[in-house]
> 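Before I ask anything, let me first share the structure, which is written out below as C-alpha cells.
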Amino acid sequence: MPETSSVAFKPLGRAAMAERLARDIPEGWYVNLGIGIPTLVADHVPLDREVIFHSENGVLGMGPAPAAEHIDPWLINAGKQHVTLRQGGCFVHHADSFAMIRGGHLDLCVLGAYQVATNGDIANWATSENDTAPAVGGAMDLAVGAKRLWVVMEQTTREGHARLVNRLSYPATALAVVKRVYTNLAVFEVTERGFVVLDMIAGLSFAALQARSEAKLHLPS
Amino acid sequence: MINRIVRTMAEAMAGIADGAVVLLGGFGSVGQPQALIDGLIEHGAKDLTVVANNAGSGGEGLAKLLAMGRVRKIVCSYPRSPSATVFEDLYKAGRIELELVPQGTLAERMRAAGAGVQAFFTPTSYGTKLAAGKETREINGRNCVLEYALSGDVALIEAWQGDRWGNLTYRRSGRNFNPVMATAARLTVAQTQHIVELGALDAEAVVTPGIFVDRVIHVPYGDPPL
C-alpha cells in the first residue's frame, strides 16, 4: 500500500467507530446488532433516545449488561453474554424472532464484515482459507431481512489489504444489501455509483482514503 | 384422565430408536434440555441426526453425546464454541456430517414442519455457498431459495412450567427454539423446572399448548437468581 504524505490523522478506535454509527440511529428504530464492534453500538445510544434492540435469540427490548448480582442465567444475547430487558421489552420464540428479521420488521441491522463490494455484496461469515468447521448463525437472515444493513469494520485488514473491494474474494453472506459502511476512517453510502464518502476523520485526505480502498470512491455529487 | 407427566427418565426416553432425528432445544446452554440429553446418553440410541442451533459446549450434554460417537449428522447454524472442540475434531476427521443452515431458515423449516407446510421460498442464502444445488426462483422481484420443512422423530426441549396436559411456559430467552421444535416432532418430551396443577397456568400465558407435547418430566435445578 502506498503511504501518502505524512500521516496526520488518527484512525478511530472500536468504541469511537461504534459511537459514530450510534449517532445516526434515530429514536423509534428497531435495531439488531451483530457480534463484535456492532454490539458496542448500544453503549452509545443514550437511554432517553428510545431505540429498541432486538437479539436473534428471542429478546426484543434488550438492555445493557447487568451488575454481577443481578445476572439472570436465562437472559442472554446472541453473543451468549448476560443482558437485561428494558421496560416494555418481551420474549419470543426463534421462529417469531426470525419473522421479525426476515419479514422486514427491523429498521436496521449492523454487522461486522471481512469485505463489502461496491455493489453492496457482503462477506462476513467465512474466510476462504478457514480450516475450521463453517458457522453462519443468523448473518444471512439478518443481511437480507432488515430494512437497512449497515456494516462497521476497519478500513483495511491488519496486513493492509482493502476491505472495500470491487468483487468479494471471500464467500458471500448476501448480495447487494449493504447500504452504509462505517470504518475507522470514514463513512460510506453504497449507491448506484458505488461507495460515496459521507464523512471522513479529521486530517485525512480523499487521496489517502482512496489509497486504502480497492473500490473506487466518490465524493457526494 | 390425561397425564403426560412421567416420573422416570427411562419413561421419558422410551421408544427413541437408533437412527432417529432428534431436535434439541436451546441457544447455547440457555434453554437446552440438559437432563434429557443426559437421559438420551443413558438410553443409548445411536446413529442419530441431531438438529440444534449449536454443536455443544464444554464437555457435557451434546458435546458428550458427540464425543461418544452417537451422532451421525448434525443440522446446525453455529457449530462453533470457544469451550468445546469435540464437534470440530469429529468434523475434521470426517466422522460426522454437517448440514449448515442459516439460523432463521433452521427455525422456519421447523415451523413449516409443525404447520404442515412442505417447503417454502426465502431470500436468505440466495447467491451463497449454502444455496448451492438448491432450486431458486424470482418471486415478487426477489431471488429466493427453496427450503424444505424439517421434522424430527423426537424433540427434547426445556420449559419453565408444565402441567399434566403438557401445557408449557418458558423463562426469558430460554424460550428460543423450544416452542418451535415442540410442534415439529412426532414425539415431544419436555423437561420442566416446575410442575403445576392443571388450571394453575394463565391460559393467556401458555406458550406451548399440550397438543404439541407428549411427555413432561420434572427436573428442578434451582430458581434464579442462583
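Below, read A as the first sequence line, B as the second, and so on, with proteins coming before strands; counting in each chain starts at 1. Note that these values count all heavy atoms, side chains included, but never hydrogens, waters or copies made by symmetry.
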> Please flag which part of A/V92 lies under 4.5 Å from any non-hydrogen atom of chain B: side chain, backbone, both or neither.
backbone
> Got a sec: does the CD1 of B/I211 have more than 12 other heavy atoms crowding it under 6.0 Å?
no
> Side chain, backbone, both or neither: which part of B/F87 has an atom under 4.5 Å from a heavy atom of chain A?
side chain
> Give a yes or no on this: more than 12 heavy atoms of other residues, nucleotides or ligands lie within 6.0 Å of atom CZ of A/R23.
yes
> Which bit of A/P171 comes within less than 4.5 Å of chain B, counting heavy atoms only: side chain, backbone, both or neither?
side chain
> Is the number of heavy atoms from other residues, nucleotides or ligands within 6.0 Å of OH (A/Y30) greater than 12?
no
> Need one label for B/S29: side chain, backbone, both or neither, based on atoms under 4.5 Å from any heavy atom in chain A.
neither
> Got a sec, which residues hit side-chain contact (heavy atoms from CB on, under 4.5 Å) with A/H44, two or more places apart in sequence or on another chain?
A/A15, A/A18, A/E19, A/A22
> Against chain A, work out which of B/N53, B/N143, B/L100 has the most heavy-atom pairs shorter than 4.5 Å and name it.
B/L100
> In Å and rounded to the nearest 0.5 Å, what is the CG to CG distance from A/N119 to A/L168?
7.5 Å
> Please identify, among A/A78, A/S55, A/A123, the residue contributing the most non-hydrogen atom pairs under 4.5 Å to chain B.
A/A78
> Does CH2 belonging to A/W150 count more than 12 external heavy atoms closer than 6.0 Å?
yes
> For A/T173, is it the side chain, the backbone, both or neither that has a heavy atom under 4.5 Å from a heavy atom of chain B?
backbone
> Which atoms of A/F98 come close to chain B, meaning under 4.5 Å heavy atom to heavy atom: side chain ones, backbone ones, both, or neither?
side chain
> Taking every heavy-atom pair that is under 4.5 Å apart, which of B/G104, B/G31, B/S77 has the most such pairs with chain A?
B/G104
> Please say whether the positively charged group of A/K216, taken as NZ for Lys or CZ for Arg, lies over the ring of A/F195, i.e. under 6.0 angstrom from the six-membered ring centre and within 45 degrees of the axis.
no
> If I measure from the heavy atoms of chain B, does A/N77 come under 4.5 Å with its side chain, its backbone, both, or neither?
backbone
> Check each atom of B/N178 against the heavy atoms of chain A and say whether the ones under 4.5 Å are side chain, backbone, both or neither.
neither
> Considering only heavy atoms, which portion of A/I76 lies under 4.5 Å from any heavy atom of chain B: side chain, backbone, both, or neither?
both
> Under a 4.5 Å heavy-atom cutoff, which of B/N176, B/V207, B/T122 has the most pairs with chain A?
B/N176
> Picking from A/G58, A/A99, A/C90, A/G138, which has the most non-hydrogen pairs under 4.5 angstrom with chain B?
A/G138
> Just checking B/K46: does its NZ atom have more than 12 heavy atoms from other residues, nucleotides or ligands closer to it than 6.0 angstrom?
no
> When the ring planes of B/F177 and A/H94 are compared, do they come out parallel, tilted or perpendicular, using 30° and 60° as the limits?
parallel
